[in-house]
Amino acid sequence: MNTPPSGPAIPPSGPATPPSGPAITVGNIALSFHRATAAVTRRVLEAHGHRVESIEAPHEQLFQLQADGRVDVLVSAWLPASHDTYLSAYRDQAHLLAPHYHPYCVWAVPPYVPADAVREVADLARPDVSARMTRAIDGINPGAGISRFSARMVTAYGLDQAGYTFTPGTEAGFIARVEQGIADREWFVIPLWRPQYLNRRHGLRALTEPKGLLGTVDAAGPVIRRASLDLIHPSALARLDGLHLGNDDVEELDTWINADGLAPLQAADRYLAAHPQLLR
């Protein structure tokens, strides 16, 4: 593990007091920034006496696990654009908390790609641009909103006619692709979102997308099974409902995990050491 930069000390992992309340299963989407927000959620529940069990899965599978009763608290649903297609199947059984942050999807290019050459998505199809760009566009798993949106955009903007393709993949492969592309000063476009640590690490520049195919600015908050509401201590529920992290803080947590080598719970502990009021 890398030595983290200066910042609040990381207290020992684990709840401050032995758990005494009912066990709660927290499920998160299998991406690093979702692990970060789930870790903060877990620490809040533990601070109010709960034992927490963790589970993670890709997007659609995680929502199905909650629909099947195997996840009490899902972190997090991006609504309405990205995840409503999964939540709508059991929405009457779900209780939505206030958003912890407000994510949105973009297509982005590295900062060294000139803005006067590539300013909006349609510019990618221009012959002088497509001749320089890598036309293989890589993404994360196919169930993610950004992947569904991106697959449509390739045809909607006529990029397929210019030789572009979109291929979903793994988070690790997606990150490695961005890191290598920037190291090689390659011209490429990447389907991205905020909050995601690559924005902060590399200053990626979002392209204008006038067709509106990338969805809206979503509200991202936990989803609790209505059948699980009585299991959660009222003060823990109130704290989670009032917890606002914001895109910048989620990106900071995500950076600590991906760039500094912290485990998600260690990142949450560092964050909460600087914001102790979030546990009270």
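The residues Arg70 and Glu53 are annotated as not salt-bridged, no charged nitrogen and carboxylate oxygen being separated by less than 4.0 angstrom.
Distance alone, capped at 3.5 Å, places no donor-acceptor pair between the His202 side chain and the Leu198 backbone. The closest donor-acceptor contact from the side chain of Asn247 to the backbone of His102 lies under 3.5 Å. With Thr170 contributing its side chain and Gly173 its backbone, the two residues share a donor-acceptor pair below 3.5 Å.
Considering CE of Met153 and CG of Asp160, their distance stands at 12.5 Å, rounded to 0.5 Å. With rounding to the nearest 0.5 angstrom, the CG atom of Leu279 is 9.5 Å from the CG atom of Leu243. Summarising the geometry, atom OG1 belonging to Thr25 is positioned 9.5 Å from atom CZ belonging to Arg225; distances are rounded to the nearest 0.5 Å.
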Show, in sequence, the C-alpha distance, side-chain angles and deciding distance for Arg51 and Glu46, and conclude whether the salt bridge (Lys or Arg N to Asp or Glu O under 4.0 Å) test is met.
CA-CA 6 Å; Arg51 179 168 57 86; Glu46 289 175 340; over 6 Å; no
Go through the steps to decide whether Trp107 and Ser150 satisfy the test side chain to side chain donor-acceptor pair (under 3.5 Å), and finish with yes or no.
CA-CA 8 Å; Trp107 273 20; Ser150 295; 2.8 Å; yes
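For His100, the ring pair (Phe, Tyr, Trp, His ring centres under 6.0 Å) criterion is met by no residue, not counting sequence neighbours. With sequence neighbours left out, Tyr157 forms a side-chain hydrogen bond (donor to acceptor under 3.5 Å, both in side chains) with Glu209. A search for ring pair (Phe, Tyr, Trp, His ring centres under 6.0 Å) contacts involving Tyr86 returns Phe63, not counting sequence neighbours. Under the rule for a ring pair (Phe, Tyr, Trp, His ring centres under 6.0 Å), His244 has no partner lying at least two apart in sequence or in another chain. With sequence neighbours left out, the salt bridge (Lys or Arg N to Asp or Glu O under 4.0 Å) criterion links Glu60 to no other residue. In this view, Ala144 and His59, Ile140, Asn141, Ile146, Ser147 satisfy the side chain to side chain contact (heavy atoms under 4.5 Å, CB included) rule, not counting sequence neighbours. Residues forming a ring pair (Phe, Tyr, Trp, His ring centres under 6.0 Å) with Phe174 (at least two apart in sequence, or on another chain): Trp193. Judged as a salt bridge (Lys or Arg N to Asp or Glu O under 4.0 Å), and not counting sequence neighbours, the contacts of Asp84 are Arg91. Scored by the side-chain hydrogen bond (donor to acceptor under 3.5 Å, both in side chains) test, Arg194 finds Asp248, Glu251 as partners (sequence neighbours excluded). The side-chain hydrogen bond (donor to acceptor under 3.5 Å, both in side chains) search around Ser54 returns Arg42, not counting sequence neighbours. Taking Asp92 as the reference, nothing meets the side-chain hydrogen bond (donor to acceptor under 3.5 Å, both in side chains) condition, with sequence neighbours excluded.
Enclosure of atom CZ in Arg226 by more than 12 non-hydrogen atoms of other residues, nucleotides or ligands within 6.0 angstrom is indicated. For CZ of Arg126, the number of neighbouring non-hydrogen atoms (other residues, nucleotides, ligands) closer than 6.0 Å is greater than 12.
Using bins of under 30°, 30° to 60° and over 60° for the plane-to-plane angle, the ring pair Phe33/Tyr101 lands in the perpendicular bin.
Applying the salt bridge (charged side-chain N to carboxylate O under 4.0 Å, His left out) test to residues at least two apart or on different chains, the pairs with a partner in residues 130-158 are Asp138-Arg177.
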